[in-house]
Amino acid sequence: MLQTLYDYFWWERLWLPVNLTWADLEDRDGRVYAKASDLYITLPLALLFLIVRYFFELYVATPLAALLNIKEKTRLRAPPNATLEHFYLTSGKQPKQSGLSGRQVERWFRRRRNQDRPSLLKKFREASWRFTFYLIAFIAGMAVIVDKPWFYDMKKVWEGYPIQSTIPSQYWYYMIELSFYWSLLFSIASDVKRKDFKEQIIHHVATIILISFSWFANYIRAGTLIMALHDSSDYLLESAKMFNYAGWKNTCNNIFIIFAIVFIITRLVILPFWILHCTLVYPLELYPAFFGYYFFNSMMGVLQLLHIFWAYLILRMAHKFITGKELGGVARPETSSQGSTIRKTQFLRKRQFKKGWEEGCPLKKTSSAFNGPTATEQ
């Protein structure tokens, strides 16, 4: 049964145009063709990326953070309390009865949430690692494709398809990019959790599927163009985050505006009107549509929808920067509980102020009566 499923999965009619078989893509006469077995190396390479990342963050990103005066802040830990811990882990809500006063429960939950919040140093190290990879990947990707004729004439992407041999630079570009996205997927649980956490998972999975399929179906020329296009803006976002964490707000905002422009041009103009047009229209001039054609372009459609979603968030934030409503806020909200904590604190402060005003008490007394978060808790 397993053999039957294997044979059906690799049936030529699924992945290749009509009248072509996998035998047509076997190495011969010194010409090397892409094979699915080539991708096995990406899993150990992904583990190697995680090791390299660990040492990079320890010996490069951390000293750089120290030079920029980014330090770990000491946070008060919530005292052990099995009842409150159970409510925190299961529902995230405060229990009505716990043997403590309402203010004590609120303080415990505030400190407990702060324990789970990623530190500024952690966020800076993560951004530094991604900035370094995306910048190197973009430069390497451009070096791989800039001298190729299909970089200037999209129709040449399909010239001779699918009998198109690969070269070492294309092989390593693919293996490194795919390994990196595997490493991001492996580390996503321990990385900084943002509001678009689910979208990030969808993006990583779709990217891994796209890169893998484009390799063994020999969509390599189109694949290299797509990967380089994506890397062209990612390093700008990560550099903006680094400057934001370092407190360089003006530099951060200026880079973010540049990133927004590059993102819109590459993801909402070049990708749909050049790359997608290339993968949707030109192949049909050579052969009838087949499953692989529909599958590849469906995955491209998923990525394009994510790009539209992120473009909306980026434009909304860029508008705030330009109008001066919000500066230095490039980094997306890191935790979903952070905003609710701030709103609850503001509400309680207003309630205490109103109570003190009605009782004829001075404002400073009502302020001191509210046991708000200390600098170490914020």
Side-chain angles (χ1 to χ4, degrees), residues 39 42-43 45-46 49-50 53 118 123 126-138 141 173-215 217 219 222-241 256 259-260 262-272 274-276 279-280 294-318 330-336:
L39 302 181
T42 60
L43 292 178
L45 280 179
F49 261 118
L50 294 176
R53 173 181 174 175
K123 291 186 283 188
E126 181 179 311
S128 300
W129 165 247
R130 296 191 183 197
F131 164 77
T132 302
F133 175 83
Y134 288 136
L135 180 59
I136 294 175
F138 174 63
Y173 186 36
Y174 254 81
M175 297 306 111
I176 290 174
E177 284 275 353
L178 183 55
S179 300
F180 179 75
Y181 279 103
W182 273 120
S183 72
L184 291 183
L185 193 62
F186 293 158
S187 64
I188 197 168
S190 59
D191 286 343
V192 175
K193 190 174 182 179
R194 299 179 172 88
K195 281 190 173 181
D196 61 350
F197 178 75
K198 294 180 181 178
E199 288 80 6
Q200 285 286 347
I201 294 179
I202 295 172
H203 174 268
H204 294 342
V205 172
T207 301
I208 289 171
I209 292 174
L210 262 174
I211 295 176
S212 301
F213 168 78
S214 65
W215 178 258
Y219 275 50
T224 53
L225 293 174
I226 294 168
M227 289 189 295
L229 186 74
H230 280 74
D231 291 335
S232 64
S233 61
D234 289 339
Y235 71 91
L236 290 170
L237 175 61
E238 299 303 330
S239 64
K241 290 180 182 179
F256 183 82
F259 157 74
V262 174
F263 185 94
I264 298 301
I265 293 175
T266 56
R267 309 291 180 93
L268 298 188
V269 179
I270 296 177
L271 185 64
W274 271 269
I275 305 296
L276 270 175
T279 60
L280 279 169
Y294 292 116
F295 179 80
F296 180 83
N297 287 292
S298 297
M299 289 292 99
M300 288 293 294
V302 172
L303 282 184
Q304 190 58 46
L305 290 176
L306 289 173
H307 295 158
I308 294 172
F309 167 74
W310 283 321
Y312 165 73
L313 298 180
I314 290 169
L315 288 175
R316 189 174 65 176
M317 190 171 293
V330 162
R332 290 170 288 191
E334 309 298 349
T335 59
S336 59

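Values below: all heavy atoms of this structure, side chains included; hydrogens, waters and symmetry mates excluded.
What you find for S128 and T132 is that their closest heavy atoms are O-OG1, 2.8 Å. Contact record, D231 with A137: OD2-CB, 3.5 Å, taken as the closest heavy-atom pair.
A 4.5 Å side-chain heavy-atom check between D191 and E126 finds at least one atom pair inside the cut-off. Side-chain contact between I211 and L39 is absent, with no heavy-atom pair separated by less than 4.5 Å. Put simply, the side chain of R267 does not reach to within 4.5 Å of the side chain of I314, judged on heavy atoms. Residues R53 and S187 are in side-chain contact: their nearest non-hydrogen atoms beyond the backbone lie under 4.5 Å apart. For the pair M227/Y173, a side-chain contact is recorded, criterion being any heavy-atom separation below 4.5 Å from C-beta on. Using a 4.5 Å heavy-atom cutoff, the side chains of M300 and L271 are in contact.
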Subject >> ring pair (Phe, Tyr, Trp, His ring centres under 6.0 Å) between F49 and F186, worked out >> reply: CA-CA 11 Å; F49 261 118; F186 293 158; over 10 Å; no

Subject >> Derivation of the ring pair (Phe, Tyr, Trp, His ring centres under 6.0 Å) call for F256 and F259 >> reply: CA-CA 5 Å; F256 183 82; F259 157 74; 5.7 Å; yes

**OP:** Before giving the answer on side chain to side chain contact (heavy atoms under 4.5 Å, CB included), spell out for D234 and F263 the whole-Å C-alpha distance, their side-chain angles and the decisive distance to 0.1 Å.
**Re:** CA-CA 8 Å; D234 289 339; F263 185 94; 5.6 Å; no

Original post:
Does the pair L210 and V302 meet the rule for a side chain to side chain contact (heavy atoms under 4.5 Å, CB included), with working shown?
Top reply: CA-CA 10 Å; L210 262 174; V302 172; over 6 Å; no

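Judged as a side chain to side chain contact (heavy atoms under 4.5 Å, CB included), and not counting sequence neighbours, the contacts of T279 are W158, A222, L276, F296, N297. When the side chain to side chain contact (heavy atoms under 4.5 Å, CB included) test is applied to I265, the partners found at least two apart in sequence or on another chain are I261, I270.
In this structure, Y174 and W215 have tilted ring planes: the angle between them lies in the 30° to 60° band.
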In residues 175-184, what donor-acceptor pairs under 3.5 Å come from side-chain atoms, sequence neighbours left out?
residue, atom, partner, partner atom, Å
S179, OG, T42, O, 3.3
S179, OG, M175, O, 2.6
S183, OG, F180, O, 2.5

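The distance from atom CG of L303 to atom CD1 of I209, rounded to the nearest 0.5 Å, is 10.0 Å. Here the NE2 atom belonging to H230 is positioned 6.5 Å from the OG1 atom belonging to T207, to the nearest 0.5 angstrom. Note that CG of L306 and CD of Q304 are 9.5 Å apart. Values are rounded to the nearest 0.5 Å. Remark: H203 NE2 to W310 CH2 distance equals 4.5 Å, nearest 0.5 Å. In this structure, I275 CD1 and T266 OG1 are separated by 10.5 Å, a value rounded to the nearest 0.5 Å.
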